[in-house]
Amino acid sequence: MAELMGRDGTWSFDGEQVRIVPGRERGVHRLRQDLGEICVPLTALAGVAYEPGRKGGRLRLRLRDGADPLLYVTGGGLPDDASPYQVAVDPDRTGVAEYFADEVRQALLLDQVDTGPADRYLLPGPAVPLSAAGVDGTATFDGETVRVEWRWNTSESKKQAGARTYSLADLESVEWRPAVGLESGYLRFRPKGETPKAKPEHDPNAIELWGFKKESGQTALLAAAVAVRLPHPSGGSAVPDVTPVLEKAAGTGGGSGGSGGEDADVLLRRLRELGELHKDGILTAEEFATAKAAVLKGFQGAG
């Protein structure tokens, strides 16, 4: 187990996944705190880098293209302090950071992980429900339906269009772009068969964004939560493949399985992970029940 603790949060690596727990101190970006704990499977990683600096350095994960809905939908537009996949390293922890990076690299090499583009999302995306506000409107998403309502200061074209409601089946894609210079950013929902023609301030399918503040961070999370439930841009699955999770819980995968020798702490962690996947809509009720039964069987063997 490799573990790195710092002011931005705690990273740990158990050979199978990098667990990222954001810090709660004042200097930690709100987007990272709102996103919460992330478990990045080894299969989602393309690499890791430790960048030394005069006052410590920075540890970064590089994810495979298309593996993470947040990175995909923001198109690399997140500032460093908002990115959950980089962490500042204190001067007295540089050795730990280098060891952490070496452990991840070795695991990628030993497991012969494909570091090329992913054909499906390998992370579940932000939890729902979510609400987010921009300059001229607010959006809410419950996992199935997006609703956009306008503020008093919105453009006349948006007022005339009225509030917007989209089911996932209505949408072709969701787009998020940060503001650049004097150019507004936007959160845009693209209904099937429609091509955006108006600028964000006049497009009834877009919420205008200025700068990158608390509101913009929330809109990025909401965009990612919608994107992960739409078909993958490569044409693959709309949500992460949960087969490895189910196999791991049932003891049929490459791990130690849910036998009598299974450690109870490991089983507890698996049960929590399954509950989060079910809550986020990634596991169906039937899949969750099957996997939960396998974990509980493991508890009986461990007792």
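- Contact of the L63 side chain with the L45 side chain is registered, since non-hydrogen atoms from C-beta on lie closer than 4.5 Å.
- Note: D14 CG to E3 CD = 11.5 Å, rounded to the nearest 0.5 Å.
- With sequence neighbours excluded, the residues that form a salt bridge (Lys or Arg N to Asp or Glu O under 4.0 Å) with E175 are R188, R190.
- For the 3.5 Å distance criterion, the side chains of Q86 and D80 fail to qualify, holding no donor opposite an acceptor.
- M5 and F13 end up in different hydrophobic clusters when Ile, Leu, Val, Met, Phe, Trp and Tyr side chains are linked at under 4.5 Å.
- Residue pairs meeting the salt bridge (charged side-chain N to carboxylate O under 4.0 Å, His left out) criterion with at least one member in residues 47-59, sequence neighbours excluded: E51-R60.
- At a threshold of 4.5 Å between side-chain heavy atoms, the hydrophobic network of Ile, Leu, Val, Met, Phe, Trp and Tyr places Y186 and W176 in two separate groups.
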*Please walk me through it: do M1 and S12 pass side-chain contact (heavy atoms from CB on, under 4.5 Å)?*
CA-CA 7 Å; M1 170 75 77; S12 57; 3.9 Å; yes
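- For the atom pair R164 CZ and I207 CD1, the distance stands at 11.5 Å (nearest 0.5 Å).
- Contact between G15 and A107 at its shortest, heavy atoms only, is O-CB, 4.3 Å.
- Listed by chain and number, the residues in a salt bridge (Lys or Arg N to Asp or Glu O under 4.0 Å) with E37 are R19 (sequence neighbours excluded).
- In terms of hydrophobic clustering, with Ile, Leu, Val, Met, Phe, Trp and Tyr side chains grouped at heavy-atom distances under 4.5 Å, L42 and L4 are assigned to a common cluster.
- Between V28 and G23, the closest heavy-atom pair is CG1-O, 3.5 Å.
- Between V146 and V174 there is no side-chain heavy-atom pair separated by less than 4.5 Å.
- In this structure, D136 CG and H202 NE2 are separated by 10.5 Å, a value rounded to the nearest 0.5 Å.
- Closest heavy-atom contact between A139 and L187: CB-CD2, 4.4 Å.
- Of all heavy-atom pairs between R24 and Q33, the closest is NH1-CB, 3.1 Å.
- For the residue pair T138 and A133, the shortest heavy atom distance occurs at CG2-CB, 3.8 Å.
- Note that the OG1 atom of T219 and the CZ atom of R177 stand 12.0 Å from one another [nearest 0.5 Å].
- Partners of F189 according to the ring pair (Phe, Tyr, Trp, His ring centres under 6.0 Å) rule, which considers only residues two or more places apart in sequence or in another chain, are Y166.
- Summarising the geometry of S184 relative to W210, their closest heavy-atom pair is OG-NE1, 3.3 Å, with the distance given to 0.1 Å.
- Formation of a donor-acceptor pair under 3.5 Å by the K158 side chain with backbone atoms of R151 is not found in this model.
- Listed by chain and residue number, S155 satisfy the side-chain hydrogen bond (donor to acceptor under 3.5 Å, both in side chains) test with S157 (two or more places apart in sequence, or in another chain).
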Would you be so kind as to tabulate the donor-acceptor pairs closer than 3.5 Å made by side chains of residues 93-104, with sequence neighbours excluded?
from: D102; atom 1: OD1; to: R105; atom 2: NH1; distance (Å): 2.9

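- Partners of D65 by salt bridge (Lys or Arg N to Asp or Glu O under 4.0 Å), not counting sequence neighbours: none found.
- Here Y85 pairs with D68 under the side-chain hydrogen bond (donor to acceptor under 3.5 Å, both in side chains) rule; sequence neighbours left out.
- Counting non-hydrogen atoms of other residues, nucleotides and ligands closer than 6.0 Å to NZ of K199 gives a total of 12 or fewer.
- For Y72, the side-chain contact (heavy atoms from CB on, under 4.5 Å) partners at least two apart in sequence or on another chain are Y121, P233.
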Under 3.5 Å, which donor-acceptor pairs link side chains of residues 108-116 to any protein atom two or more places apart or in another chain?
from: D114; atom 1: OD1; to: G116; atom 2: N; distance (Å): 2.9

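- S167 pairs by the side-chain hydrogen bond (donor to acceptor under 3.5 Å, both in side chains) definition with D170, not counting sequence neighbours.
- By the side-chain hydrogen bond (donor to acceptor under 3.5 Å, both in side chains) test, E149 pairs with R147, sequence neighbours left out.
- Using a 4.5 Å cut-off on side-chain heavy atoms (C-beta onward), I20 and L61 make contact.
- Of the possible polar contacts, one joining the K159 side chain to the W152 backbone as a donor-acceptor pair under 3.5 Å is found.
- We find the CG-CG distance between L221 and L35 to be 5.5 Å, quoted to the nearest 0.5 Å.
- Here the CG-CG distance, from L78 to L71, works out to 7.0 Å after rounding to the nearest 0.5 Å.
- Here the side chain of D8 pairs no donor or acceptor atom with the backbone of V87 at under 3.5 angstrom.
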